[in-house]
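Scope of the values below: all heavy atoms of this structure, side chains included, with no hydrogens, waters or symmetry mates.
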Amino acid sequence: MNKLLALVKVDFKNTYGFNSLIQSLKNRRNIWITLVMVLAILSLIPSYFMLVMGLVNLADAFFQIGQGSYFLQMGIFGSQALVFALGILYVLSKYYFASDLNQLVPLPIKPSYIIGSKFITLMFSEYLTSFPVLLPFIIIYGLKASKGVAYWVYSLIVILTMPIIPLVLASLLVMVFMKYTNLGDKKDLIRIISSIFFIVFIIWLQLTIQQLAMKSIELGDALFLNLAKDSLYLVKRLGIVFPPSMWATLALANTNVSGLLYLVLFLGISFVSIGLMIYLAERIFFDGLIGNIEVVAKERKARDLTRSVAVMKPYLAIAKKELLMLVKTPVYLLNSIGGVIIVPIILVMPILMGDESMDTITSLISDYPHFVNLITIGIIVVLAMVNSIGPTTFSREGKNLWIQRVLPIRARDQVLGRVLSSLAVQLLGILVLISAIYIINRIKAADILIITSLGLVGSIPMTQLGMVVDIARPMLDWDNPQRAMKQNFNVLVALGLGALFMMGLFFLVKNLIYKIDLIYIYLILFTIFITLAIILQGILEKMVERQFMELE
Amino acid sequence: MLKLNNLTKSYGRIKAVNNINLEVRPGEIFGFLGPNGAGKTTTIKMIVGLLKPDEGMITLAGIDIWQEPLKAKSMISYVPDNPAVYDKLKGIEFLNFIADMYGISKEERLRKIDYFSKLFNIEHALENLISSYSHGMKQKLVLTSALINDPKLFILDEPMVGLDPKSSFNLKEIMRQMCDEGKIVFFSTHVMEVAERLCDRIAIINKGQIVTVGTMEELRSSAKDEETLEKIFLELTEDE
């Protein structure tokens, strides 16, 4: 047990880097930068507030038809699904691709301890994503249903233990997956590609089951009869998809004896599942891991140098280096490139699968094709921030940054090369997105051209915005690439700024859409993107020059 | 000519480098000696543009390194003591990247990569990922990358640590050869024999200050007896 505690302690420090944070706060200049960062994060609050207000209205609707607890279940199920989906990515990078494994594996520690400690740190990472989703549902429901003390106590327990089952499920799936994909020297690539398919498959499965559950709800008079008869009718239907969401909901909806029993059931299954994971970890964790952390140096026949040597412009060479590092580092690949592929698929899949609630969207697409263009451009621009390439570009250099700093590289090339690498990844996302839309509703070549060009041009200022955040306070002191990409505060700050920018664009387009011709809206967007790109390029060049001199 | 004028760098209250002045002439191999924590690496980092001096000026061939960094950096190659390199690149990809940054022609880089990779015996590993390299191989790769550029100032921090005897010998040959071509070689070391045999001039730094500078003969003549560099070093750097 002591070993486990020690591992958790080290992993916590390693993951969240409190020591270096405190160290950097001691530097007065960093305090100012941190303050600006905090303000940027606060800028996320207005959009979050709008979402929460929307939830209040939704809750009203469900309470009116006597199915208030379904509202609660939506929150629980939604956050469980989120924990599970993110969990797969987290588990892959933390259990199998983290660099601390090099030190941990040779130590006399049982695999279950390694997994156990990593699981505990992951739980905390998951809290960061599950709290903002789950809390509004719990609070809104509790207030609307005027619940007593027991509800809030039960809620606290559910909130804290909620990530266990989905995270265990993700761990089990990944462990089995890794055991059977430990193949040859291209295994990293095989695994990354197959895990993208795997995630898409899981989402498909979830949607299918959800649809089945929804179809089992009788329509017409029978529905109203059922709704009136049983206030938990909808809860039980969705419960078919993922029973733990139902147990947690029922525990909170009735805090009497039956509620207590459901809580015990929910907790019991949670802890049994941890036991199962530990059991499996002892048996198969190392099978998937060994061979994963060693790098094989093959006796390659020295290739003819003339074929390996090519001259490139500095900014292109930087873009190429960035892309190579992104593709060859699993954590980066999964998060940046994986992100731009998976997100469009997730967005489009419900429509592709013929979800009836999506019919409105499908008909909207064919009736108002220009909406599709604008929305798609919006999604692409958002993806430029979601791909995290901009806000981690300097952080990802880590200890290698000295190379960039001692070389005679113009700031212009530094910025240009890094923006280009993000655009290359964006192009891949655009390809996936357009293909998906094309399958739903054949769009015209002219629209494809508009989407691609405006999407790409719009991705430039978005990437640059992230880079501004990153160069202001790059996170360079890391041993595990995961920290540069996923535990990088700069990503969150950049998302906040990006969200503000997108909200501004949204209101602008909303105000203009019926007043002027669409072509002018495209032109306005183009002008905004280009102007911002030029301004940000200038700012970035100055910042890069200064920071490359000032950093210590 | 490399000139360091009144160079000072502090970390909090500690003066890591305290008002040092140095001149290194073209065609010189200059050894920079000092105990651990004396300020060697700090000085070197200031010369190559990794640490901004609090005060003072550094010029190379009349160019202020901190005023015109691009011009200066295109004349400098630097090999740190513990080089971190892009693990996920292949050796050849890394060398190509460095050559692109210096704008070196294809013929020139082919010739240099071929020559130095064979000299340091890493030519067979160039197609492998750097993460598969041993510490010494990484160092040889960084040495090769630093030599692609044909620098006016070749600056190395503890270059012999981690090198096998043959590579160490080859490196010394290269340093001598560069010197003959009128370039400046500036390196820090703990190995007294290397400094004694290789350097045209030597500076000893202690607690951030230069305690002596000169040729081996000058150092000897200023010492009490006809001493070895090791004894001079120990005398000059011992705590009063």
Side-chain angles (χ1 to χ4, degrees), chain A residues 26-27 99 185 188 293-318 320-322 324-330 332-333 396-411 413-414 417 481 545-546 548-552, chain B residues 9 11 45 48-52 66 69-78 80 82-107 109-111 113-114 117 123-134 137 142 145-146 149 155:
Chain A
K26 281 183 184 160
N27 186 336
S99 59
D185 66 325
D188 276 5
I293 45 180
E294 76 195 28
V295 185
V296 196
K298 274 176 295 182
E299 266 309 316
R300 289 207 173 98
K301 239 174 96 183
R303 236 172 68 168
D304 181 11
L305 265 185
T306 40
R307 280 172 53 210
S308 315
V309 167
V311 180
M312 268 185 162
K313 293 240 177 292
Y315 63 91
L316 288 177
I318 291 174
K320 183 185 167 193
K321 182 228 110 199
E322 284 286 287
L324 281 174
M325 297 293 287
L326 279 173
V327 173
K328 289 185 184 177
T329 314
Y332 300 161
L333 183 64
R396 272 182 282 119
E397 293 281 340
K399 294 192 172 74
N400 298 327
L401 190 70
W402 72 271
I403 300 171
Q404 304 283 330
R405 291 179 61 204
V406 300
L407 290 172
I409 308 174
R410 287 187 301 173
D413 291 332
Q414 275 290 0
E545 260 167 33
R546 206 195 61 218
F548 271 37
M549 281 192 183
E550 300 281 337
L551 285 170
E552 294 194 349
Chain B
K9 178 78 193 174
Y11 295 109
K45 282 188 170 172
V48 299
L50 285 175
L51 262 185
K52 197 172 184 185
W66 286 90
L70 281 189
K71 250 188 189 172
K73 284 174 186 175
S74 57
M75 297 191 284
I76 304 175
S77 277
Y78 164 58
N82 194 3
V85 261
Y86 298 110
D87 266 3
K88 298 286 176 184
L89 296 188
K90 292 176 185 171
I92 188 70
E93 288 169 344
F94 177 70
L95 294 177
N96 248 322
F97 175 76
I98 301 288
D100 282 330
M101 296 306 122
Y102 283 110
I104 291 162
S105 71
K106 185 168 179 175
E107 296 70 35
R109 71 176 77 175
L110 263 175
R111 198 171 58 77
I113 293 174
D114 187 53
S117 64
E123 82 279 14
H124 61 282
L126 288 182
E127 291 291 335
N128 284 338
L129 287 185
I130 298 175
S131 51
S132 70
Y133 287 19
S134 67
M137 280 167 77
V142 175
S145 74
N149 167 40
I155 186 159

Using heavy-atom distances under 4.5 Å, tell me whether Phe548(A) contacts chain B through its side chain, its backbone, both, or neither. backbone
Could you go through the salt bridge (charged side-chain N to carboxylate O under 4.0 Å, His left out) check for Arg109(B) and Asp100(B) one step at a time? CA-CA 9 Å; Arg109(B) 71 176 77 175; Asp100(B) 282 330; 2.9 Å; yes
Turns out that what part of Ile92(B) lies under 4.5 Å from chain A's heavy atoms comes down to side chain
Measure distances from Ile76(B) to the heavy atoms of chain A and classify the residue's part below 4.5 Å as side chain, backbone, both or neither. neither
Could you check which of Met75(B), Glu93(B), Lys71(B) has the highest count of heavy-atom pairs closer than 4.5 Å to chain A? Glu93(B)
With a 4.5 angstrom heavy-atom cut-off, is it the side chain or the backbone of Tyr133(B) that approaches chain A, or both, or neither? neither
In terms of heavy-atom contacts, does NZ of Lys45(B) have more than 12 from other residues, nucleotides or ligands at under 6.0 Å? no
Looking at Glu397(A) and Lys321(A), is any side-chain nitrogen of the basic one under 4.0 Å from a carboxylate oxygen of the acidic one? yes
Tell me, out of Thr329(A), Val406(A), Leu401(A), Ile318(A), who's got the most heavy-atom pairs with chain B below 4.5 Å. Val406(A)
Applying a strict 4.5 Å limit to non-hydrogen atoms, the region of Asn96(B) in contact with chain A is side chain
Indicate yes or no: at least one non-hydrogen side-chain atom of Leu407(A) is less than 4.5 angstrom from one of Lys73(B). no
Ser105(B), part contacting chain A, at a heavy-atom distance under 4.5 Å: backbone
Between Ser117(B), Gly103(B), Pro80(B), which has the largest tally of heavy atom pairs under 4.5 Å with chain A? Pro80(B)
Top contributor to chain B interface from Met325(A), Lys313(A), Arg410(A) [non-hydrogen pairs under 4.5 Å]: Met325(A)
